[in-house]
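Quick note on labels: first sequence line is chain A, next is B, and so on, each numbered from 1. Please read these numbers as outputs of a predicted model, since none were measured by experiment.
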2 protein chains.
Amino acid sequence: MHEQLTKYITDHSPLKEEHLQQVLSYFKPLRVKKNTLLSRIGEPSRRMFFINTGCLRVYFIKPDGREVTRRFAFENSFSSSLTSFIGGTILKEATQAVELSELLYIDRLDFYGLVDTVPGWDLFYRYCLEYAYVTNTRRLEDFITLSARERYRLLLEENPEVVLRLPNKLVANYLNITQEALSRIKSDI
Amino acid sequence: MHEQLTKYITDHSPLKEEHLQQVLSYFKPLRVKKNTLLSRIGEPSRRMFFINTGCLRVYFIKPDGREVTRRFAFENSFSSSLTSFIGGTILKEATQAVELSELLYIDRLDFYGLVDTVPGWDLFYRYCLEYAYVTNTRRLEDFITLSARERYRLLLEENPEVVLRLPNKLVANYLNITQEALSRIKSDI
DNA sequence: AGTAAACTTTGATCCGGATCAATAAATCAG
DNA sequence: CTGATTTATTGATCCGGATCAAAGTTTACT
């Protein structure tokens, strides 16, 4: 159950066996079917997810009511709405399973308790923050410098599973273009 | 010389007097005139700046050669190109003083040495990462959800000094629109 | 399996902001 | 202080992608 998570953690921040076991003991399994809403905008941020199989989607909602996809997370990665998780504030983003998914989750308070007490786990959190920052900066840069067509090509090159596994509607939403525009881009030889 | 920095640090993460002094001892003063280039794209990331007076601008360069402003930093704030500072990698962003500025800087290796050894300074770094992440996420959201006009209004509301202190050219560049477009937005009553 | 619902494609039109161009205003160096 | 260079304004035109509309296709449910 926890093998993939163990690998992920030890790959990113070496913990002594005893501390690793302590951390793992806080992760609980959760199996959800497609389209399950795991957390809602307006609720306090409570959990961070690790994905054993499946795919999660984090999205927010514009004032006009439309959804905007922040990111997708596939197997062997973490997903949380970090902006609210950090401060334990009200969620500005929802998280949804877009496939049948097997997850492990840790409670926010447990997570930060471990950061303060388990040697090495603070470094794991630091890695998460650094990684999230770099990724986000990159995504902002892509939006600023690339056209819709270029963003699609880049996604296909760097993250083909997004295009291959998910419906066009979600891919278009992630690229911040309409389904129509994505359809035309794809058919453009 | 270090009063503003002291206040900034203690406001964000309480350090014992002894540890505070240890940290402060690594910051060196630097006075630069307008338009000084403080770090260049392609060099390794070496410094983090604290601004006593003046303004720094961090920008990157698009494949077509045009500059894109990442952010401005005014007095009483830190500025670094965190994406490269984190890993000590080659800078993908340049930093320039856009006003006559009085700075304090800390060497990257000193900074991380302190993170590993000075009790409480790791929490300061954690605060920096969390803050940078939240800010960046917000900026991405603004680009995705707002029009040029709306981004300008928001900037004027939340960060009026950018509009008031800096030339239109830089403001437009920060908003990722042309000078012409900004000029029209401003004249639109 | 069969029908409703969701998703995808294609076409016509529209609009925000870019681009190009020309002038006016401000800033800077000697 | 004055000419030179940079910056700001205003106008005309263009283009990427949105919007609206209507088929066509896939997926999901009982």
Task: Trace of the side chain to side chain contact (heavy atoms under 4.5 Å, CB included) decision for A:His19 with A:Trp121 - done: CA-CA 8 Å; A:His19 298 136; A:Trp121 189 246; over 6 Å; no

TODO: Go through B:Arg138 and B:Asp142 one step at a time and tell me if the salt bridge (Lys or Arg N to Asp or Glu O under 4.0 Å) criterion holds.
DONE: CA-CA 6 Å; B:Arg138 176 76 193 289; B:Asp142 292 342; 3.7 Å; yes

Task: Trace of the side chain to side chain contact (heavy atoms under 4.5 Å, CB included) decision for A:Arg70 with B:Leu140 - done: CA-CA 10 Å; A:Arg70 235 340 147 195; B:Leu140 177 55; 3.8 Å; yes

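Which of D:dT7, D:dT19, C:dG17 sits closest to the side chain of A:Thr178 comes down to D:dT19. Out of D:dA18, D:dT7, C:dG17, the shortest distance to the side chain of B:Ala148 is found at C:dG17.
Using modelled atom types and a 3.5 Å distance limit, the side chains of B:Arg57 and B:Thr69 yield a donor-acceptor pair.
Counting to the nearest Å, the P atom of C:dT9 and the CG atom of A:Leu182 are 8 Å from each other. Look at NZ on A:Lys169: it is 8 Å from C1' on C:dA6, rounded to the nearest Å. We find that CG of B:Leu175 is positioned 13 Å from P of D:dA8, with the value rounded to whole Å. Between the C1' atom of C:dG16 and the CZ atom of B:Phe143 lies a distance of 15 Å, rounded to the nearest Å. At whole-Å resolution of the value, CG in A:Asn176 and C1' in D:dG16 are 14 Å apart. Between B:Asp64 atom CG and C:dA18 atom P the separation is 13 Å, expressed in whole Å. Atom P of nucleotide C:dC7 and atom CD of A:Glu67 are separated by 11 Å, given to the nearest angstrom. What separates CG of B:Asn173 from C1' of C:dA18 is a distance of 14 Å, to the nearest Å.
Not a single donor-acceptor pair, N or O on each side, falls under 3.5 Å between the base of D:dG16 and the side chain of A:Arg184. For C:dC20, the base has a donor-acceptor partner in the side chain of B:Glu180 [N/O atoms by modelled type, under 3.5 angstrom].
Distances shown here put every side-chain N or O of A:Ser183 at or beyond 4.0 Å from the OP1 or OP2 atom of C:dT8. Contact check, A:Lys186 against C:dT8: no side-chain N or O comes under 4.0 Å of OP1 or OP2. Dashed line: the shortest gap from a side-chain N or O of A:Asn168 to OP1 or OP2 of C:dA6 is not under 4.0 Å. Regarding contacts with the backbone of D:dT7, every side-chain N or O of B:Gln179 stays at 4.0 angstrom or more from both OP1 and OP2. Listed pair B:Arg66 / C:dA18 fails the phosphate criterion, with no side-chain N or O lying under 4.0 Å from OP1 or OP2.
Comparing B:Arg149 and B:Lys34 along DNA chain C, the residue whose closest nucleotide (by nearest heavy atom) sits nearer the 5' end is B:Arg149.
Note on ring orientation: taking the six-membered ring where Trp is involved, the planes of B:Tyr8 and B:Phe124 are perpendicular (angle over 60°, cut-offs 30° and 60°).
A:Asn35 comes within contact range of no nucleotide atom at all, as no heavy-atom separation falls under 4.0 Å.
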